[in-house]
There are 2 protein chains.
Amino acid sequence: MAIFKEQAITASDKAFFRLRKEIVDGVIPAGSKLSEMELSTNYAVSRAVVREAINRLEACHLVERKANVGARVVSLTPDGLIELYQVRESLEGMAARLAAQNMSEEEILDLNTLLNSQSDEVKTAELYYQEAGDLDFHYRIIQGSKNAYLISMLVNGLYHLVRMYRVQLGMAGPRVTSAFDEHKSIVKAISLRDSELAEMLMRRHIMYSKNNIKAKLQS
Amino acid sequence: MAIFKEQAITASDKAFFRLRKEIVDGVIPAGSKLSEMELSTNYAVSRAVVREAINRLEACHLVERKANVGARVVSLTPDGLIELYQVRESLEGMAARLAAQNMSEEEILDLNTLLNSQSDEVKTAELYYQEAGDLDFHYRIIQGSKNAYLISMLVNGLYHLVRMYRVQLGMAGPRVTSAFDEHKSIVKAISLRDSELAEMLMRRHIMYSKNNIKAKLQS
DNA sequence: ATTTGGTGTTTTGTCGACAATCTGTAATTT
DNA sequence: AAATTACAGATTGTCGACAAAACACCAAAT
């Protein structure tokens, strides 16, 4: 899979990762209040580490905090989803552009083999492709941009929000094969080092994805 | 001026604002270590609030922290500057696109009057335009996008880094009048609700700005 | 001379307690 | 009865102290 692995060293890290997972997976419902005391007893750690975890979650836009009042998990709204995808379109478009310029030949080769292996999975209709495969694809292109800000904003910031929307809206739907074709053309543009085209295709890809999930939201 | 005003309520807020200002202005040099104890005695406040302030600075990419070691102010590098402007190009380009779609007629009118007043200043050669005026212009377009993520990322996140580069590289240089013309054409595109063009012009504007500051960096 | 190991100091991470602020309820006033 | 104020409870913000990890220095060995 070669997917990334962030390891926790301090207790705050562990609390942060756990809390983030529970929010993304909907174990802690969207819009619900986060009590520092309750969480600290729950996780068996001090309030200080819970506070630090919540602060980090706030930086990821996963919780909102008001001074002297407390923190709430963000609530999922159609507007929020659209705004999120607008930022994704902008940022990942740029990532594709930079990836076409900066990825090594070896990385591009790996990306092609990844795509081929996913092609088999699509044919045999193993549709868990959606989450894992799609994430892996986008993740590699983001890394390929070699831009630290871009990588940080997307990987540490927005992607968990994207996943939160996907998980809690139950995105296991279709759009697997069409998205796969789009992935293929993006990789082709990157292979040709056509940064202009790569950005444009990536932006369209994300726009399609937005329309797809938006339609599902209204149904 | 109508520029934004963020007000501090908690002690952590005050520490955060103060520390951020001292970092951006170079009072605390780039690359230097941030001792929690030293800062807490210095600011006459507990270590906990300094820690929280530092955590927030880390989320803004103004300091880097390593577990069990400590935090350092980021150091300014040519690569970092380029990467920063790549993200700006992407994000502010999208902001201009959305502003062309979402700004109210009144906001567009205000933007035009702002530009006219700055035109007078440019003619009379009051060149403090650069910092204040340029910031005000970009700030209004970002707000005009009406996209909460975009606004937060740029205003709370990247802009202080941009200012840090500008201040510490001593950017009082030329490029005032040419940048002003670019601003004018962007506003015109927004007035015509031409989102495509607005994005394109904004991206070019930021590219020019990047080349300008990059040239200054190498001299 | 370089490396290795140990020891002491300094800095960060974590904790529990206290202070300040907010929220909801109930009593009081008009 | 409606609005306002006072109070009680609970939650967050801040603090100082303790625990654990990293760093610096010196000694010893190869």
Side-chain angles (χ1 to χ4, degrees), chain A residues 5-23 27-75 152 156, chain B residues 5-23 27-75 152 156:
Chain A
K5 187 67 185 175
E6 40 187 5
Q7 67 176 0
I9 23 193
T10 124
S12 290
D13 291 338
K14 283 197 279 278
F16 171 61
F17 292 146
R18 177 172 171 190
L19 189 50
R20 185 179 65 186
K21 179 168 173 48
E22 296 189 354
I23 288 174
V27 177
I28 300 177
S32 61
K33 182 159 170 32
L34 291 178
S35 163
E36 294 181 358
M37 221 172 49
E38 186 185 331
L39 282 171
S40 74
T41 60
N42 219 329
Y43 287 11
V45 292
S46 115
R47 259 187 62 217
V49 333
V50 172
R51 272 183 74 81
E52 193 166 323
I54 290 180
N55 281 331
R56 285 207 249 172
L57 266 318
E58 187 187 16
C60 305
H61 303 271
L62 283 170
V63 315
E64 286 165 350
R65 147 170 282 175
K66 261 194 297 189
N68 286 313
V69 173
R72 312 191 74 86
V73 179
V74 295
S75 38
S152 169
N156 301 321
Chain B
K5 187 68 184 175
E6 40 186 5
Q7 67 175 0
I9 23 192
T10 120
S12 289
D13 293 337
K14 283 197 278 279
F16 170 62
F17 292 146
R18 176 172 173 191
L19 190 50
R20 186 179 64 186
K21 180 168 172 50
E22 296 190 354
I23 288 174
V27 177
I28 300 177
S32 61
K33 181 157 171 32
L34 292 177
S35 163
E36 294 181 358
M37 220 172 49
E38 185 184 331
L39 283 172
S40 75
T41 60
N42 219 329
Y43 286 11
V45 74
S46 119
R47 257 187 64 216
V49 332
V50 171
R51 272 183 74 82
E52 193 166 323
I54 291 180
N55 280 331
R56 285 207 248 172
L57 265 318
E58 187 187 15
C60 305
H61 302 271
L62 282 170
V63 315
E64 286 164 350
R65 148 170 280 176
K66 261 193 297 188
N68 285 315
V69 174
R72 312 190 73 87
V73 179
V74 295
S75 37
S152 168
N156 301 320

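Labels below follow one simple rule: chain letters A, B, ... track the order of the sequence lines, proteins then strands, and each chain is numbered from 1.
- Judged by the 6.0 Å distance and 45° axis criteria, B:Arg20 is positioned over the aromatic ring of B:Phe16.
- Residues A:Arg51 and A:Arg65 form a side-chain contact, since some pair of their non-hydrogen atoms from C-beta on lies under 4.5 Å apart.
- The two residues A:Val63 and A:Ile54 come nearest to each other via the heavy atoms CG2-O, 3.8 Å.
- The distance from atom CE of B:Met37 to atom P of C:dT12 is 8 Å, rounded to the nearest whole Å.
- Listed nucleotides: D:dT14, C:dT12, C:dC15. Nearest to the side chain of B:Glu36: C:dT12.
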Exercise. Would you write out the dot-bracket form of DNA chain D, 5' to 3', with Watson-Crick and G-U pairs under 3.5 Å, [ ] for crossing pairs, | for pairs to other strands and . for unpaired bases?
Worked result: ||||||||||||||||||||||||||||||

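- Rounded to whole angstrom, the span from the CG atom of B:Leu34 across to the P atom of C:dT10 amounts to 20 Å.
- Considering CD of A:Glu38 and OG of A:Ser40, their distance stands at 9.0 Å, rounded to 0.5 Å.
- Spacing between atom CG of B:Asp13 and atom P of C:dT21 amounts to 13 Å, rounded to whole angstrom units.
- Neither OP1 nor OP2 of D:dT14 sits under 4.0 Å from any side-chain N or O of B:Ser46.
- No side-chain heavy atom of B:Leu57 sits under 4.5 Å from any side-chain heavy atom of B:Leu34.
- In this structure, the side chains of B:Ser32 and B:Arg72 stay at 4.5 Å or more apart for every pair of heavy atoms.
- Listed pair A:Ser12 / C:dG13 fails the phosphate criterion, with no side-chain N or O lying under 4.0 Å from OP1 or OP2.
- One atom, CZ of B:Arg47, and another, P of C:dA17, lie 19 Å apart when rounded to the nearest Å.
- If you take OH of A:Tyr43 and P of C:dT14, they are 15 Å apart, rounded to a whole angstrom.
- A:Asn55 CG to B:Ser12 OG: the interatomic distance, rounded to the nearest 0.5 Å, is 8.0 Å.
- Within the structure, every side-chain polar atom (N or O) of A:Lys33 is placed at least 4.0 Å from both OP1 and OP2 of D:dA10.
- Of the residues in residues 48-70 of chain B, B:Ala48, B:Val49, B:Asn68, B:Val69 come within less than 4.0 Å of DNA chain D through at least one heavy atom, sorted by number.
- Under 4.0 angstrom from either OP1 or OP2 of C:dT14 there lies at least one side-chain N or O belonging to A:Thr10.
- For B:Asp13, the side chain to side chain contact (heavy atoms under 4.5 Å, CB included) test picks out B:Ala8, B:Ile9, B:Thr10, B:Phe17, B:Arg56, with sequence neighbours left out.
- Across the protein-nucleic acid pair, A:Ile9 atom CD1 and D:dA19 atom P stand 22 Å apart, rounded to whole Å.
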For this session: Begin with the C-alpha distance, continue with both residues' side-chain angles, and end with the deciding distance and a verdict on salt bridge (Lys or Arg N to Asp or Glu O under 4.0 Å) for B:Glu36 and B:Arg47.
Result: CA-CA 6 Å; B:Glu36 294 181 358; B:Arg47 257 187 64 216; 3.0 Å; yes

